Amino acid sequence: MSLYFGTIYRRKSFWCYRLLSTYVTRTQYLFKLKEDDEACREAQQTGVFYLFHDLAPLLQASGHRYLVPQLSRAELEGLLGKFGQDSQRIEDSVLIGCSNQHKAWFALDLGLNSTASKHVSLPKSEMEAELGGSFIKLRQALFQLNSMDSSLLFTAQALLRWHNGHQFCSKSGQPTKKNMAGSKRVCLSNNIIYYPQMAPVVITLVTDEARCLLARQSSFPKGLYSALAGFCDIGESVEEAVQREVAEEVGLEVENLQYFSSQHWPFPNSSLMIACHATVKPGQTEIQVNQRELEAAAWFSLDEVAIALMRKGSFLQQQSDALPLLLPPKLAIAHHMIKKWVERQTCSSLAA
Ligand SMILES: NC(=O)c1ccc[n+]([C@@H]2O[C@H](COP(=O)([O-])OP(=O)(O)OC[C@H]3O[C@@H](n4cnc5c(N)ncnc54)[C@H](O)[C@@H]3O)[C@@H](O)[C@H]2O)c1
Ligand SMILES: [Mg+2]
């Protein structure tokens, strides 16, 4: 992430002033909103709101793309008023970020039916007509959103889903209460604090000298292959999870693990995808596909993968049986690790 300097000076001590970056002041502001309910309530007065209905975000079609409308506080109060609700409902929203000018961004789901909340679900189609947009499932809209919008909506949906699923304390059975920002929930009967959770998942691009190993599950779109992925078991390090998953799914032992990058992934719940490159031990390349986990796995050459990366068009539309190799879309970390491997291989073959 590139940091650039803003104009805000903060007094560090009596004689020393420090220039803080826009990124740092924004981060510190968000921290304050998470910790201080009053400050967050105040931020709700001037903030903007992204609406959801039963975890589907409000979107507006614009040509082949989707735009993500934001409502001001006044617009949201007007909408709630039309459906017989007061501004108290706004406190159900969760904080998902803020602009460099410290305008806070919130997400609010007006369609979730929760037993713990006194607020009822608002009717979807009437709201859509009122708002001039549609509540569309995130998976369906993925390829028509820009990367900033999709990342913000991923966060918002994950947080809203977590709150919806943690309305009661698992120890006392009593309702839990969200703090204003939605960064935690507390059980008032025993003070247990619950924080939003993500499941760590390792995703590994296994390679030998000239090929990479890709696999597919039967639920994938036809022709689509990706890197090997799997949830970390409790007590495991990333390295152990990578080695276990590769051994479990394709019966290979890997070495030379190299961390590549990470990504929050909202499907099916909230995962932290930890992407690594790894190589097989020399001479050990024979795959045994675990049929309980995978439909197929195979080694692919640099040429096959490089051509597949250049292939345009959505794999969602592929219907034919004679399918070319298809790779995950750009918003998936798997795409970027495969691309990185192709770049590295191409550079080293040019240098040779
Ligand atoms: N963003 C990307 O590029 C990318 C690419 C591939 C996979 N993924 C994601 O990685 C995730 C894991 O991949 P996988 O399905 O091969 O995992 P996996 O190989 O661990 O197999 C899934 C099975 O693991 C078990 N499991 C263990 N812990 C779990 C948990 N916390 N939540 C759900 N199931 C759990 C379940 O029985 C489940 O059926 C998937 O959700 C997928 O969406 C993302
Ligand atoms: Mg797997």
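Quantities reported herein were computed from a predicted structural model and do not represent experimental measurements. For the numbers below, each heavy atom of this structure counts, side chains included, while hydrogens, waters and symmetry mates do not. One is the number of the first residue; the rest follow in order along the sequence. Indexing begins at 1, ligand by ligand and atom by atom, following the structure's order.
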Give me the nearest non-hydrogen protein atom to atom 42 (C) of ligand 1 as residue plus atom name, then the distance to 0.1 Å. Trp265 NE1, 4.0 Å

Is there a nitrogen or oxygen of Gln217 sitting under 3.5 Å from a nitrogen or oxygen of ligand 1? yes

Identify the closest protein heavy atom to atom 3 (O) of ligand 1: which residue and atom is it, and at what distance? Ala334 N, 3.0 Å

Atom 13 (O) of ligand 1 has as its nearest protein heavy atom Ala229 CB, 3.6 Å

Within the side chain of Ser348, is there an N or O that forms a donor-acceptor pair under 3.5 Å with the backbone of Arg344? yes

Relative to the heavy atoms of Phe267, which atoms of ligand 1 are at a distance of less than 4.0 Å? 41 (O), 43 (O)

Nearest to atom 26 (N) of ligand 1, what protein heavy atom do you find, and at what distance? Phe231 CD1, 3.8 Å

Return the CD to CG distance between Gln144 and Leu67, rounded to the nearest 0.5 Å. 11.5 Å

If you scan protein heavy atoms around atom 18 (P) of ligand 1, the nearest is Gly230 CA, 3.6 Å

To which protein heavy atom is atom 19 (O) of ligand 1 closest, and what is the distance rounded to 0.1 Å? Glu249 OE2, 2.7 Å

Where's the contact between Val201 and ligand 1, heavy-atom distance under 4.0 Å: side chain, backbone, both or neither? side chain

One finds that the ligand 1 atoms under 4.0 Å from a non-hydrogen atom of Glu293 are 18 (P), 19 (O), 21 (O)

Inter-residue atom distance Arg292.CZ - Glu248.CD, 0.5 Å rounding: 10.5 Å

Look up atom 23 (C) of ligand 1 and tell me if a protein heavy atom lies less than 4.0 Å from it? no

For the backbone of Gly182 and the side chain of His163, can you confirm whether one donor and one acceptor N or O come within less than 3.5 Å of each other? yes

Numbered in order shown, the ligand 1 atoms found under 4.0 Å of a heavy atom of Gln263 are 1 (N)

Please verify the inter-ring angle class for His166 with Trp162; under 30° counts as parallel, over 60° as perpendicular, anything in between as tilted. parallel

Between the candidates Leu228, Val202, Ile203, Ile234, which shows the shortest non-hydrogen contact distance to atom 6 (C) of ligand 1? Ile203

Take the angle between the ring planes of Phe49 and Phe106 and call it parallel below 30°, perpendicular above 60°, tilted in between. parallel

Is the closest side-chain heavy-atom distance between Leu272 and Ile274 below 4.5 Å? yes

pair Asn100-Arg26: side-chain heavy atoms closer than 4.5 Å: yes

Output yes when Glu77 and Arg73 qualify as a salt bridge under the 4.0 Å nitrogen-oxygen rule, no when they do not. yes

Ligand 1 N/O within reach of Ser271 N/O, cut-off under 3.5 Å: no

Less than 4.0 Å from atom 39 (O) of ligand 1, is there any heavy atom belonging to the protein? no

Flag the pair Phe300 / Tyr225 as yes when their ring centroid distance falls below 6.0 Å, and as no otherwise. yes

For the Mg ion (ligand 2), give me the closest N/O/S atom belonging to Glu249, just the atom name. OE2

Close side-chain approach of Leu131 and Gln60, heavy atoms under 4.5 Å: no

Closest approach of any protein heavy atom to atom 4 (C) of ligand 1, naming residue and atom: Met273 CE, 3.7 Å

among protein heavy atoms, the one nearest atom 2 (C) of ligand 1 is Ala332 CB, 3.8 Å

side-chain contact (heavy atoms from CB on, under 4.5 Å) with Leu153: of Ile96, Leu145, Leu142, Leu58, only one passes, and it is Leu145

Checking heavy atoms under 4.0 Å, the part of Glu245 that sits near ligand 1 is side chain

Does the shortest distance from the Mg ion (ligand 2) to an N/O/S atom of Leu294 fall below 2.8 Å? no

Is Ile333 close to ligand 1, meaning an N/O of one under 3.5 Å from an N/O of the other? yes

Using only atom types and a distance under 3.5 Å, with no angle test, would you say the side chain of Arg216 pairs donor to acceptor with the backbone of Pro221? yes

Does atom 30 (C) of ligand 1 have a protein heavy-atom neighbour under 4.0 Å away? yes

Does Pro268 come within less than 4.0 angstrom of ligand 1, counting non-hydrogen atoms of the residue? yes

